[in-house]
Amino acid sequence: MTALKIYDTYKRETLSFEPHKAPFVGIYVCGPTVYGFPHLGHARGPVVFDVLHRYLRHLGFKVRFVRNITDVGHLVNDADAGEDKIAKKAKLEQLEPMEIAQFYTDSYHQMLNSMNVLPASIEPRASGHIIEQIEMIQEIISNGFAYEVNGSVYFDVLSYSKQHDYGKLSGRIIEDLIAGAGNDARVLEGQDEKRNSNDFALWKKAGEEHIMQWNSPWGKGFPGWHIECSAMSKKYLGETFDIHGGGMDLLFPHHESEIAQSIACGGQQPAKYWMHHNMITVNGQKMAKSLNNGISIDEFFSGNNVLLEKAYSPMTLKFFILQAHYRGTLDFSNAALQASEKGLNRLLAASETLYKINPSANNEVDVDKLVEKCYDAINEDLNTPILIANLFEMVTTINNIAAGNIKIGTNELEILRKNYNSFVFDILGLKLEQEVNSDKIDGLMHMLIKMRNEAKIQKNYSVSDQIRNELSSLGIELKDGKDGTSYTLN
RNA sequence: GGUCGGAUGGCCGAGUGGCUAGGCACGGGUCUGCAAAACCCUCUACAGCGGUUCGAAUCCGCUUCCGACCUCCA
């Protein structure tokens with residue numbers, strides 16, 4: 001029993017987090033399909049679940065964090081007659097499929113790295129677990145919940161739903177799914193193979209020209225999308241583990257099907273808690289290629305996109321994401337990002353101020369209360385916006401101590417330092433981004449600052465202003481503070 | 001069409017039957033040769049119309065508008 005509460009999408013309520021086998025915690029998060037550069041939206045899940053990961057570690061749990069890489073089997077759609085996203089891209093660029101997967105996996109890792117996201121304990125690839133997936137499919141067939149047609153295997157949603165509840169996670173009713181199927185815009189090929197249009201592929205037959213294919217009991221082919229997560233989570237975390245995370249857009253059909261596959265294997269609902277984060281929107285709409293409102297991570301960090309007024313740093317993006325609760329949509333705008341950038345700087349500056357202030361004999365700060373409010377916030381379904389609001393309350397306190405407006409005792413200062421840094425750096429995973437300047441540049445700058453100060457003392461303001469202005473045009477800002485002049489490089 | 005979720009001050013974004021969200025911007029101030037930066041203080045909003053209640057932004061109903069999902073999706 002912990003103080004942490006988590007909203008479970010499956011039960012649709014906020015529950016106390018109790019691990020199956022404390023102190024161990026198993027987490028499975030759906031990772032990306034590596035067929036393109038990550039975009040802004042791809043950053044949210046990793047950041048959200050990184051806080052979960054970090055906080056559970058902070059609480060002393062031994063966390064096994066599994067995040068998969070989907071490098072095969074994710075169909076563009078059935079109409080492509082079995083061509084998957086990776087293979088399609090590969091043909092286009094005349095590269096090995098694995099070359100594509102590796103390339104985009106690397107770019108994904110680069111994003112995670114720059115955003116200071118802890119590495120996963122295990123990062124399994126779907127293509128490396130074909131055997132496990134085949135075994136699982138065989139088990140589902142022998143339990144009577146899947147059938148083979150012409151070299152492909154489909155999950156029999158209808159027969160499954162007679163015994164189990166298909167649609168519970170995503171709030172769907174099987175009768176509606178069946179009744180509503182196919183009456184709308186989408187007409188999919190290959191549907192005639194299926195007993196029911198809601199049946200989903202576990203294994204797809206591959207044509208001769210298909211470059212990613214494996215031998216199986218049903219001939220050459222490749223696995224369907226949903227089975228990889230079931231097979232890999234089972235392999236590394238067991239039939240039942242603690243938390244399964246992902247984006248809300250994966251609720252149906254992906255997670256719904258994962259549950260069905262696990263239960264159809266004679267197992268049970270795989271995850272004790274299902275956590276889903278919401279989407280990042282642009283002008284209130286989800287980022288989508290068709291809307292042409294996508295911003296890639298590279299563009300975001302370089303500012304090279306018409307939607308961007310400037311470049312934003314990885315930490316600014318991380319902080320922007322953390323300033324909203326993970327279950328709400330988060331709308332992108334330049335004004336919002338710039339607000340986050342300034343707020344983040346204030347938050348990080350306070351961690352340095354914390355080491356410059358001195359304790360007093362008497363104390364006027366209720367540190368315990370401030371810390372308690374931070375824990376209350378994160379325990380409440382990872383409410384990072386409230387946590388950050390409380391941290392800003394600490395910032396004001398810290399700055400007021402530094403300004404001599406209020407006093408803090410020795411013990412209280414120690415507690416404040418320890419907890420402030422723990423929340424900002426260890427739990428939220430923020431970090432200072434300032435480049436460490438070389439000794440030579442630093443020495444040069446101190447020389448210039450000294451010369452300028454001498455000019456100022458002689459009231460030779462034309463010289464002092466010239467130094468300041470010329471440095472400014474080079475992107476170096478001088479800041480005259482109480483304790484002398486400092487500088488920042490842009 | 002079906003299912004679900006929203007509408008909060010200039011912007012972003014929490015929360016919730018009575019008690020300060022927070023950040024950014026604006027305004028005032030400290031510092032300063034000037035400026036910038038930094039810091040302090042200030043700023044009281046909950047789509048519309050009804051209803052329940054001693055009291056509602058928070059509960060209920062209706063209306064308007066917006067979004068997500070419905071086998072590409074983080």
Side-chain angles (χ1 to χ4, degrees), chain A residues 29-33 35 38-49 74-78 80 85 167 170-173 176-177 179-181 183-184 186 188 191 197-201 224-226 245-254 256-257 276-281 284-290 319-320 323-325 327-347 349 353 377 380 383-393 395-396 399-400 402-403 405 456-457 459-461 464-465 468-469 472 477-482 485-486 488:
Chain A
V29 173
C30 288
T33 304
Y35 65 99
H39 63 66
L40 199 50
H42 288 111
R44 193 169 194 185
V47 166
V48 166
F49 293 115
H74 201 151
L75 296 171
V76 173
N77 60 45
D78 288 10
D80 278 350
K85 283 188 170 178
S170 54
R172 263 151 247 259
I173 298 159
D176 292 350
L177 283 172
N183 67 352
D184 217 3
R186 288 169 228 244
L188 304 172
Q191 289 291 45
S197 59
N198 293 292
D199 294 350
F200 54 88
W225 172 28
H226 316 305
M248 274 186 186
D249 50 351
L250 298 181
L251 222 40
F252 188 90
H254 186 55
E256 194 70 64
S257 301
H276 290 92
H277 69 261
N278 217 316
M279 305 290 105
I280 290 181
T281 57
Q285 285 188 304
K286 193 173 92 169
M287 233 175 243
K289 279 177 186 165
S290 54
F319 190 65
F320 172 68
Q323 273 186 300
H325 186 77
R327 283 194 288 116
T329 54
L330 172 59
D331 200 48
F332 160 86
S333 74
N334 282 283
L337 260 303
Q338 281 158 37
S340 291
E341 189 174 53
K342 291 190 178 179
L344 173 65
N345 286 337
R346 207 160 100 85
L347 201 69
T353 306
E380 197 60 45
N383 198 323
T384 52
I386 291 187
L387 168 59
I388 289 169
N390 290 323
L391 290 174
F392 274 113
E393 202 176 318
V395 170
T396 302
N399 288 334
N400 269 311
N405 297 334
K456 279 168 71 178
I457 289 165
K459 296 195 193 297
N460 189 348
Y461 296 125
S464 66
D465 287 354
R468 186 172 69 194
N469 293 339
S472 175
E477 297 297 332
L478 293 183
K479 296 174 183 178
D480 295 331
K482 270 182 187 168
T485 304
S486 61
T488 53

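Just so it is clear: chains get the letters A, B, ... in the order the sequence lines come, proteins before strands, and each one is counted from 1.
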task: Searching all strands shown, indicate the nucleotide that pairs with C26(B) (Watson-Crick or G-U wobble; both distances under 3.5 Å).
output: none
- prompt: Is Leu391(A) touching bases, backbone alone, or none of the nucleic acid, heavy atoms closer than 4.0 Å?
  reply: nothing
- request: Measure from the side chain of Gln323(A), starting at C-beta and using heavy atoms only, and say which of A14(B), C11(B), G23(B) lies closest.
  value: G23(B)
query: When the C1' atoms of G22(B) and G17(B) are considered, how many whole Å apart are they?
result: 23 Å
Whether Ser472(A) side chain and Arg468(A) backbone form a donor-acceptor pair below 3.5 Å: no
- request: Look at all strands and tell whether Gly343(A) reaches a base, only sugar-phosphate, or nothing, counting heavy atoms closer than 4.0 Å.
  value: sugar-phosphate
task: State whether the aromatic ring of Phe392(A) stacks on the base of G23(B), taking stacking to mean ring centres under 5.5 Å apart and ring planes under 30° to each other.
output: no
- request: Counting Watson-Crick and G-U wobble pairs only, both distances under 3.5 Å, name the nucleotide matched with G67(B), or none.
  value: C4(B)
Interatomic distance at P, C11(B) relative to A38(B), whole Å: 24 Å
field: Pairwise P distance, U8(B) and G48(B) [rounded to whole Å]
entry: 11 Å
message: Tell me the interatomic distance from Phe252(A), atom CZ, to C4(B), atom P, rounded to whole angstroms.
response: 15 Å
query: Looking at the side chain of Lys479(A), which of A74(B), A37(B), G22(B) is the nearest nucleotide?
result: A37(B)
- prompt: Which part of the nucleic acid, if any, lies within contact of Asp465(A), taking any heavy atom under 4.0 Å across all strands shown: a base, the sugar-phosphate backbone alone, or nothing?
  reply: base
statement: Minimal heavy-atom distance between Arg327(A) and His276(A), with the atoms involved, is CG-O, 3.6 Å
query: Which part of the nucleic acid, if any, lies within contact of Leu330(A), taking any heavy atom under 4.0 Å across all strands shown: a base, the sugar-phosphate backbone alone, or nothing?
result: sugar-phosphate
field: Who pairs with U58(B) - Watson-Crick or G-U, where each distance is under 3.5 Å
entry: none
message: Rounding to an integer number of angstrom, what distance separates G9(B) and C26(B) when you compare their C1' atoms?
response: 12 Å
field: Reported CG-to-NZ distance for the pair Asp465(A) and Lys456(A), which is rounded to 0.5 angstrom
entry: 9.0 Å
- prompt: Does G15(B) have OP1 or OP2 sitting under 4.0 Å from an N or O in the side chain of Asn383(A)?
  reply: yes
message: How many whole angstroms separate atom CG of Asn399(A) from atom P of U30(B)?
response: 18 Å
- prompt: NE2 of His277(A) versus P of C69(B): gap in Å, rounded?
  reply: 12 Å
- prompt: From C70(B), A68(B), A21(B), pick the nucleotide closest to the side chain of Gln285(A)?
  reply: A68(B)
message: Please report the distance separating the C1' of U63(B) from the corresponding atom of G55(B), rounded so that it comes out in whole Å.
response: 26 Å
- prompt: Relative to the 5' end of RNA chain B, which residue comes earlier, Pro32(A) or Asp331(A), by the nucleotide with the nearest heavy atom?
  reply: Asp331(A)
query: In terms of side-chain heavy atoms of Ala339(A), which of C70(B), C24(B), C40(B) is nearest?
result: C24(B)
- prompt: Is the phosphate of G23(B), meaning OP1 or OP2, less than 4.0 Å from a side-chain N or O of Arg346(A)?
  reply: yes
message: I'd like the C1' distance from C49(B) over to C54(B), given in whole Å.
response: 23 Å
task: Provide the Watson-Crick or G-U wobble partner of C31(B), both distances under 3.5 Å; none if there is no partner.
output: none
task: For Ser486(A), answer base if it contacts any base atom (sugar-phosphate contacts may also be present), sugar-phosphate if it contacts only those atoms, and nothing otherwise; contact means non-hydrogen atoms under 4.0 Å.
output: nothing
query: Considering only side-chain heavy atoms of Ala336(A), which listed nucleotide, A14(B), C12(B), G33(B), is closest?
result: C12(B)
- prompt: If you look at every strand shown and take non-hydrogen atoms under 4.0 Å, does Met279(A) touch a base, only sugar-phosphate, or nothing?
  reply: base
- line: The nucleotide from A74(B), C40(B), C12(B) with an atom nearest the side chain of Lys286(A) is A74(B)
task: Could you tell me whether Lys342(A) contacts a base, only the sugar-phosphate backbone, or nothing, with contacts defined as non-hydrogen atoms closer than 4.0 Å?
output: sugar-phosphate
field: Separation of the C1' atoms in G23(B) and G5(B), to the nearest angstrom
entry: 25 Å
field: First of Gly171(A) and Asn345(A) reached from the 5' end of RNA chain B, by closest nucleotide
entry: Gly171(A)
- prompt: Does Asn460(A) get its side chain close enough to the base of G33(B), under 3.5 Å, for a donor-acceptor pair?
  reply: no
- prompt: How far, in whole Å, is A68(B) from A25(B) if one measures between their P atoms?
  reply: 31 Å
- request: Calculate the interatomic distance between His325(A) atom NE2 and G5(B) atom P; express it in whole Å.
  value: 15 Å
query: Less than 3.5 Å between a donor and an acceptor, one on the side chain of Asp480(A) and one on the base of A35(B), is that the case here?
result: yes
statement: Phe320(A) CZ to A14(B) P, in whole Å, measures 10 Å
- prompt: What about Arg468(A), does its side chain sit under 3.5 Å from the base of A36(B) through a donor-acceptor pair?
  reply: no
- prompt: The side chain of Ala403(A) lies closest to which of these nucleotides: C69(B), C39(B), A74(B)?
  reply: C39(B)
query: CG/Leu40(A) to CG/Leu337(A) distance, rounded to the nearest 0.5 angstrom?
result: 7.5 Å
